[in-house]
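In the text below, chain A, chain B and the rest are named by the order of the sequence lines, each starting its count at 1.
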There are 2 protein chains.
Amino acid sequence: MSLAKLAVLGVLMEKPMHGYELKQYFETRMPVFWMINYGSIYPVLKKLKEEGLVAARREVSEPRGKIVYEITEEGRREFRKILKERIKKEVHVRDEFTLHLFFLDYLGSEEIKDLLIQKKQGNERLLAHLTEKGETLKKILPRHRFSAIERGIMHVKTELEWLNKTIGGAV
Amino acid sequence: MSLAKLAVLGVLMEKPMHGYELKQYFETRMPVFWMINYGSIYPVLKKLKEEGLVAARREVSEPRGKIVYEITEEGRREFRKILKERIKKEVHVRDEFTLHLFFLDYLGSEEIKDLLIQKKQGNERLLAHLTEKGETLKKILPRHRFSAIERGIMHVKTELEWLNKTIGGAV
DNA sequence: CCGGTCATGTAATCTGTTACATGATTAC
DNA sequence: GTAATCATGTAACAGATTACATGACCGG
C-alpha cells in the first residue's frame with residue numbers, strides 16, 4: 001500500500017469525508033507535517049473503493065455534489081495491519097538534507113556559512129510556529145498525535161543545536 | 001535536476017568513476033545515509049552526458065569494459081548552483097514516521113508500546129553503528145561530511161530521548 | 001452577475017525501484 | 001571449469017506532482 005493510500009485511510013478512520021475535505025484536513029490538522037494533493041487524493045479514493053477498503057455515497061441532498069467516503073470494517077483492519085508493518089520497518093537517517101551536507105565542502109566557506117545561517121533562521125521560524133501550535137493543540141489532540149508534534153519540536157531543536165555548533169566551527 | 005542526478009554529480013566531483021564504482025562509493029562511503037541502484041545510475045549517467053555535465057570515455061586498455069565518467073567544468077558549475085538552490089529550499093519535518101505517528105492512537109496501547117520498544121532497539125543499534133563509524137571516519141573525512149555524520153548521531157539520540165519519554169508515558 | 005472557493009477529476013510528466021538480461025573477468 | 005563478483009544496461013512498474021479542465025454554489 002502506498003503512503004498516500006495509508007494517509008487517506010488514516011484520516012478516514014476519524015470520520016467519513018469527501019475528497020476536498022480530506023485535503024483541508026491535511027492542511028489544517030497536519031500542517032507542515034504532511035501534505036497531499038488532489039492529483040493523488042481522487043485516484044487514491046477510487047482505488048481504495050475498488051479494493052473495498054472504503055465505501056462511497058453521493059449525498060442525497062446534492063445529486064451532482066459531494067461524494068462522501070467512509071472507511072469499511074475491512075478498511076479499518078487493513079489500516080491497522082499496514083500501519084504496524086510499516087512502523088516495524090527499518091529505521092533510517094536518509095533525507096535530502098543529509099545528502100546535501102555530504103557535498104557541502106565543495107562550496108566556499110562564506111557560501112556555506114550563509115546557507116547555514118539561512119537554515120538556522122528557517123528552523124527558528126519553524127520552532128516558533130510548532131511551539132505555538134503545540135500549545136493550543138495540547139488539550140485537544142489524541143495523545144500520540146500530540147506526541148508526534150512534540151517529537152517534531154525536539155528534532156527542530158536538535159537541528160538548531162547542530163547548526164549553531166557547525167556555524168560556530170566554521171568561523 | 002533530480003536528487004539522483006545531484007547525488008551522482010556530487011560523487012563525481014571527487015574523481016572520475018564508472019557506474020559500478022559509483023554504486024560502491026555510496027555503499028561504502030555513505031552507508032545508511034544514502035543509496036542508489038543501477039536502475040538509476042546508468043540512465044542518470046546517460047542523461048548527464050547528454051546535458052554535457054559529464055564526459056564519458058571507454059578505458060583504452062579494456063575495449064569492451066568500463067566506461068569512466070568525468071565531471072565537466074560546466075558540470076561543476078551546475079552542481080554548485082543546484083546544491084545551493086536546494087539547500088535554500090524550505091525546511092521541513094516531513095517524513096514517513098511522522099505520518100505513522102499521527103495515526104498511532106488507532107492501535108492498542110500494548111501494540112503501541114511494543115512498536116516503540118522495537119523502534120528504540122533499532123535506534124540503539126543505529127547509534128552504535130554510527131558512533132563506531134564516526135570514530136574511524138573523523139580523521140579522514142572532509143569537515144562537513146563528518147559533520148553530516150555528527151548530525152545523524154545527534155538526531156538519533158534525540159529520537160531515542162523521545163522514544164524513552166513516550167514509552168515511559170505510555171505505561 | 002461576478003469573483004472566490006467548493007468540488008471532482010484526468011493527462012502528462014517526473015523520479016525512482018525491481019526485475020530481468022547479458023557478458024567479461026578473477027579466484028579457486 | 002565454475003562460482004563469485006565485476007560491469008552495463010533495459011523494461012515494467014509504482015508513486016507522486018503539476019497542470020489542466022470543468023462546473024456548481026455562495027456572497028456581495
Side-chain angles (χ1 to χ4, degrees), chain A residues 1-12 16-28 30 33-51 54 56-69 82 86 89-90 92 94-96 99-100, chain B residues 1-12 16-28 30 34-51 54 56-69 82 86 89-90 92 94-96 98-100:
Chain A
M1 161 147 12
S2 72
L3 250 190
K5 270 161 107 176
L6 186 82
V8 165
L9 216 46
V11 172
L12 293 182
M17 287 185 211
H18 57 270
Y20 193 85
E21 207 179 347
L22 269 162
K23 179 92 191 298
Q24 289 180 312
Y25 188 99
F26 284 103
E27 272 163 10
T28 58
M30 305 179 180
F33 291 103
W34 207 259
M35 212 273 272
I36 193 168
N37 29 273
Y38 296 124
S40 297
I41 289 178
Y42 292 107
V44 156
L45 283 171
K46 204 174 160 186
K47 275 175 224 148
L48 288 172
K49 190 186 157 192
E50 281 161 20
E51 295 165 23
V54 304
R57 62 165 195 278
R58 186 147 247 152
E59 291 283 284
V60 204
S61 52
E62 309 166 64
R64 254 178 306 282
K66 298 181 227 178
I67 300 164
V68 177
Y69 293 86
I82 302 281
R86 295 189 76 112
K89 287 263 169 68
E90 210 38 69
H92 56 74
R94 218 170 275 180
D95 68 298
E96 257 185 70
L99 180 69
H100 296 154
Chain B
M1 162 148 10
S2 72
L3 250 190
K5 270 161 104 176
L6 186 81
V8 165
L9 217 45
V11 172
L12 293 181
M17 286 183 212
H18 59 270
Y20 193 84
E21 208 179 346
L22 270 162
K23 179 94 190 298
Q24 289 180 312
Y25 188 100
F26 283 103
E27 273 164 9
T28 58
M30 304 178 179
W34 207 258
M35 212 273 272
I36 193 167
N37 30 272
Y38 297 124
S40 297
I41 289 178
Y42 291 107
V44 156
L45 282 171
K46 204 174 160 187
K47 274 175 224 145
L48 288 172
K49 190 187 158 191
E50 281 162 19
E51 293 165 25
V54 303
R57 62 165 195 279
R58 187 148 244 152
E59 291 283 283
V60 204
S61 52
E62 309 166 63
R64 254 177 308 282
K66 298 181 225 180
I67 300 164
V68 177
Y69 293 87
I82 303 282
R86 295 188 77 112
K89 287 262 169 69
E90 211 37 67
H92 55 76
R94 216 170 278 180
D95 68 298
E96 257 184 71
T98 300
L99 180 68
H100 296 154

* Under 4.0 Å between a side-chain N or O of S40(A) and OP1 or OP2 of dT17(D)? -> yes
Next on the checklist: Within the 4.0 Å heavy-atom criterion, would you say I67(A) contacts the bases, only the backbone, or no part of the nucleic acid?
Outcome noted: sugar-phosphate
To the nearest angstrom, the CG-C1' distance between D95(B) and dA16(D) comes to 17 Å
**Report entry** S40(B) side-chain N/O to I36(B) backbone N/O, donor-acceptor pair under 3.5 Å
**Finding:** no
Atom NE2 of H18(B) and atom P of dG9(D) are separated, to the nearest Å, by 11 Å
Could you tell me whether the side chain of L9(B) reaches within less than 4.5 Å of the side chain of M1(B), counting heavy atoms only?
yes
Side-chain atoms of Y69(A) come closest, of dT17(C), dT8(D), dG9(C), to dG9(C)
Test side chain to side chain contact (heavy atoms under 4.5 Å, CB included), reference L6(A), set V44(A), I82(A), V11(A), output is I82(A)
Once you apply a heavy-atom cut-off of 4.0 Å, does G39(B) come out as touching a base, just sugar-phosphate, or nothing?
base
Answer yes or no: does a side-chain N or O of Q24(B) lie under 4.0 Å from OP1 or OP2 of dC6(D)? yes
Tell me whether the OP1 or OP2 atom of dT8(D) has a side-chain N or O from Y20(B) closer than 4.0 Å. no
From CE of M17(A) across to P of dC6(C) the rounded distance in Å is 15 Å
Whole-Å distance, L3(B) CG to dG15(D) C1', equals 15 Å
| query | Does the ring of Y20(A) carry K66(A) above it, NZ/CZ under 6.0 angstrom from centre and within 45° of its axis? | reply | no
Separation of dA16(D) atom C1' from L99(B) atom CG, nearest Å, is 14 Å
Please state whether the phosphate of dT10(D), meaning OP1 or OP2, lies under 4.0 angstrom from any side-chain nitrogen or oxygen of K46(B). yes
Please tell me if the side chains of L3(B) and W34(B) come closer than 4.5 Å, counting only heavy atoms from C-beta onward. yes
With the side chain defined as heavy atoms from C-beta on, Y42(B) is closest, among dT18(D), dA7(C), dT8(D), to dT8(D)
Here the distance between atom C1' of dT17(C) and atom CG of N37(B), to the nearest Å, is 6 Å
Comparing V44(A) with Y38(B), nearest DNA chain D nucleotide closer to 5' gives the residue Y38(B)
Q) Distance check: side-chain N/O of S2(B) vs OP1/OP2 of dG16(C), anything under 4.0 Å? A) yes
Taken to the nearest whole Å, CZ/F26(A) to P/dA16(D) is 11 Å
Rounded to whole Å, the NZ-C1' distance (K49(A) to dG9(C)) equals 14 Å
